[in-house]
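The next block holds one structure in the form of structure tokens; read it before the comments.
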Amino acid sequence: MQNDAVHFGQKEINIMTKTRHAPAAIGAMYAGLALTVVAAIVPYIDRANGNMLAGHIRAGYPAYAQDRIDTAATTYLVYLSVLGAIGVVCWFGTIWAVKAGKRWARVVATLMLALAASIGLFNLLVKDTSGDTGLPPLFGWVGMLPCLAGLLAVTLLWRRVGSTPRA
């Protein structure tokens with residue numbers, strides 16, 4: 001790597017960025033991937049143990065019949081599962097791009113964070129016609145956790161090569 005840096009000038013920055021900041025950012029990305037999987041699994045655990053989601057829907061719509069509540073809960077389950085699957089694909093794609101040293105990886109990671117944070121905030125805050133949030137708050141907050149790892153990863157990716165943390 002030293003020879004590449006000496007002979008190719010500008011390539012030194014790319015090598016340093018890849019070797020210095022990428023490992024920490026990739027670690028944060030793997031944490032985000034794990035948190036995304038957890039966020040996708042939580043609704044299934046809930047459904048098997050108490051069904052907070054169905055209870056939340058029932059509280060907002062007490063006149064609904066049980067089959068209608070079950071249908072709404074299943075719809076949310078499918079929605080959250082699809083989001084989780086898309087999130088996993090995005091994490092793997094971004095990890096690959098950073099490991100491969102793709103120039104566009106930082107921009108894509110930043111855009112993915114913005115999109116994920118927007119969806120996460122929507123899921124956390126959106127009100128349905130009952131006036132309550134569409135999802136139970138626990139689901140909304142669990143869905144925001146991967147964004148924290150994404151924020152750390154993006155911050156690490158955009159740090160300047162010459163910058164060092166101060167004690």
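By convention here, the first residue in the shown sequence is residue 1. What you see is a predicted model, and the numbers here were worked out from it, not measured in a lab.
- The main-chain N or O of D70 is never found under 3.5 Å from a side-chain atom of Y64 such that the two would form a donor-acceptor pair.
- Considering every non-hydrogen atom in both L113 and C147, the closest pair reads CD1-O, 3.6 Å.
- The two residues F139 and V42 have their closest heavy-atom pair at CE1-CG1, 4.2 Å.
- In terms of heavy atoms, C90 sits closest to M112 at SG-SD, 3.5 Å.
- Of all non-hydrogen atoms in A22 and V98, the two that sit nearest each other are CB-CG1, 3.9 Å.
- The CD1 atom of I119 sits 7.5 Å away from the CD1 atom of I86 when rounded to the nearest 0.5 Å.
- Using a 4.5 Å cut-off on side-chain heavy atoms (C-beta onward), R106 and V154 make no contact.
- We find the CD1-CZ distance between I69 and R58 to be 4.5 Å, quoted to the nearest 0.5 Å.
- Linking Ile, Leu, Val, Met, Phe, Trp and Tyr whenever their side-chain heavy atoms come within less than 4.5 Å leaves W96 and L33 in two separate clusters.
- Between the side chain of H56 and the backbone N or O of D132 there is no donor-acceptor pair closer than 3.5 Å.
- L115 is connected to F122 through a chain of hydrophobic side-chain contacts under 4.5 Å among Ile, Leu, Val, Met, Phe, Trp and Tyr, so both are in one cluster.
- One distance of note links CE of M29 with CG of L152; it measures 9.5 Å at 0.5 Å rounding.
- Tested against L135 for a side chain to side chain contact (heavy atoms under 4.5 Å, CB included), the candidates V126, L80, I57 yield a single pass: L80.
- A side-chain hydrogen bond (donor to acceptor under 3.5 Å, both in side chains) check over residues 25-47, counting only residues at least two apart or in different chains, returns the pairs Y30-K99, T36-W91, Y44-S81, R47-T74.
- One finds the CG atom of N123 at 12.5 Å from the CH2 atom of W141 (value rounded to the nearest 0.5 Å).
- Every pair tested for side-chain hydrogen bond (donor to acceptor under 3.5 Å, both in side chains) that includes a residue from residues 112-121 fails, sequence neighbours excluded, so the list is empty.
- Using the six-membered ring where Trp is involved, Y79 and Y76 have ring planes that are perpendicular, over 60° apart on the 30 and 60° scheme.
- Nearest heavy atoms, M144 versus G120: SD-C, 3.3 Å.
- Side-chain contact, D128 with S130: a donor N or O sits under 3.5 Å from an acceptor N or O.
- With a 4.5 Å cut-off on side-chain heavy atoms, V38 and L145 do not count as touching.
- Distance CG/L125 to OG1/T133: 8.5 Å, rounded to 0.5 Å.
- Side-chain atoms of L53 and P136, non-hydrogen and from C-beta on, do get closer than 4.5 Å to each other.
- One finds the CG atom of N51 at 9.0 Å from the CG atom of L77 (value rounded to the nearest 0.5 Å).
- Residues L157 and F92 share a single hydrophobic cluster, defined by chaining ILVMFWY side chains whose heavy atoms lie under 4.5 Å apart.
- For the residue pair A40 and G84, the shortest heavy atom distance occurs at CB-CA, 4.1 Å.
- You'll find the side chain of T71 stays beyond 4.5 Å of the side chain of R68, heavy atoms only.
- The cluster map of Ile, Leu, Val, Met, Phe, Trp and Tyr, joined by side-chain heavy atoms under 4.5 Å apart, puts I45 and V37 in the same cluster.
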